[in-house]
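Every chain is numbered from 1, with letters handed out A, B, ... down the list of sequences.
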Amino acid sequence: MKIATWNINGIKARLETATTWLKSASPDVACLQEIKSMDEAFPTSAFEDLGYNVAVHGQKGFNGVALLSKLPFDDVTRGLPGDPDDVQARYIEAVISVASGVVRVVNIYLPNGNPTASEKFTYKLSWMARLKERVKQLLTYEEPFIVAGDFNVIPAPNDVYDPQSWLDDALFRPETRAQFQAYLNLGLTDAFRACHDEPHQFTFWDYQAGAWQKNHGLRIDHLLLSPQAADKLVACEIDANPRSWEKPSDHVPIVVELSL
DNA sequence: ATGTCGATACTTTATCGA
């Protein structure tokens, strides 16, 4: 089973790009972030035509996440628990039945958090703490699950082209990295790092300043596996090709294969 | 080189977020 995550930066601007990639890569599940669309405006039928079931948690203008799955959803939950006042659409979770039982897919668009002197950074850190609580809850089920998405976290210095210049950025601040490390300490596995130890394997290149051409990238999109999912890990690969296409997203897809 | 995108609204250009 192949599970992909991709921040597509606007589904209206990226529908053809997304469907082209899905036809070629054919993941069983795709986690999309930054759809920047309300539920009713999401092009559900375009994905149904490719054989996907579709679940959306949308928002006008910003944020928004969507799940695509070739297998039907047993259950879908929208919104990260822990703060009833949080109205930002950044979390959707689904349970999917597979031959070996079930797999739970958690699709997140973790807050960016910049600038670090603003309430945006405290919102990011509190959101990360809430996600930790949700992960702890899910771990008690002792089932395979995956937390996939745009984490807006650079886990380590070799995940950014120039760590020195990112030291005070919300994506690389010690508080941010410590919370990401806390997910690993709970028992989650960074699927990409379990398969690859090469430095400078990026999933994002800014539109500005020729970042793609200079390979000034970041590794901020991640797939974290529960112990039961990590036991089934086969492979994990970044597909950087779509970054060179016409009208690209600033992120590229990353795919994990599990023997579920 | 504060350099690029996508979406929005008191829209045809400025703003916000990333």
Has [X] got a side-chain atom pairing as donor or acceptor with [Y]'s backbone, closer than 3.5 angstrom?
{"X": "A/Thr176", "Y": "A/Phe172", "result": "no"}
{"X": "A/Ser69", "Y": "A/Leu71", "result": "yes"}
{"X": "A/Gln181", "Y": "A/Gln179", "result": "no"}
{"X": "A/Arg130", "Y": "A/Leu80", "result": "yes"}
{"X": "A/Arg90", "Y": "A/Ile108", "result": "no"}

Rounded distance in Å between the [atom1] positions of [N] and [M]:
{"N": "B/dC16", "M": "B/dC10", "atom1": "P", "value": "14 Å"}
{"N": "B/dG3", "M": "B/dA18", "atom1": "C1'", "value": "15 Å"}
{"N": "B/dT15", "M": "B/dT2", "atom1": "C1'", "value": "15 Å"}
{"N": "B/dG6", "M": "B/dA1", "atom1": "C1'", "value": "22 Å"}
{"N": "B/dT12", "M": "B/dA7", "atom1": "C1'", "value": "15 Å"}

Residue pair A/Glu143 / A/Ser226, side-chain donor-acceptor N/O under 3.5 Å:
no
NA contact type, A/Arg90, heavy-atom cut-off 4.0 Å: base, sugar-phosphate, or nothing?
sugar-phosphate
Would you mind classifying the nucleic acid contact of A/Phe204 as base, sugar-phosphate or nothing, using non-hydrogen atoms under 4.0 angstrom?
nothing
Heavy-atom contacts under 4.0 Å between residues 150-166 of chain A and DNA chain B, which residues?
none
dist A/Thr77:OG1 -> A/His57:NE2 (nearest 0.5 Å) comes out at 11.0 Å
Spacing of A/Cys31 atom SG and A/Trp6 atom CH2 [to the nearest 0.5 Å]
13.5 Å
Expressed as a whole number of angstroms, how long is the span from [X]:[atom1] to [N]:[atom2]?
{"X": "A/Glu34", "N": "B/dC16", "atom1": "CD", "atom2": "P", "answer": "18 Å"}
{"X": "A/His251", "N": "B/dA18", "atom1": "NE2", "atom2": "P", "answer": "11 Å"}
{"X": "A/Phe121", "N": "B/dA18", "atom1": "CZ", "atom2": "C1'", "answer": "16 Å"}

Any chance you could lay out the side-chain contact (heavy atoms from CB on, under 4.5 Å) test for A/Arg173 and A/Asp168, step after step, and finish with the verdict?
CA-CA 6 Å; A/Arg173 278 278 291 265; A/Asp168 197 37; 2.8 Å; yes
Ring centers of A/Trp245, A/Trp21 separated by less than 6.0 Å
no
A correct 5'-to-3' footprint of nucleotides 3-9 of chain B, with B, S and - meaning base, sugar-phosphate only and no protein heavy atom under 4.0 Å, is BBSSSSS
Considering non-hydrogen atoms only, spot the tightest contact between A/Ala230 and A/Thr189 and give its length.
CB-OG1, 3.7 Å
Grab the stems for DNA chain B, please: at least three consecutive Watson-Crick or wobble pairs, both distances below 3.5 Å, written as range with range.
B:4-9 with B:13-18
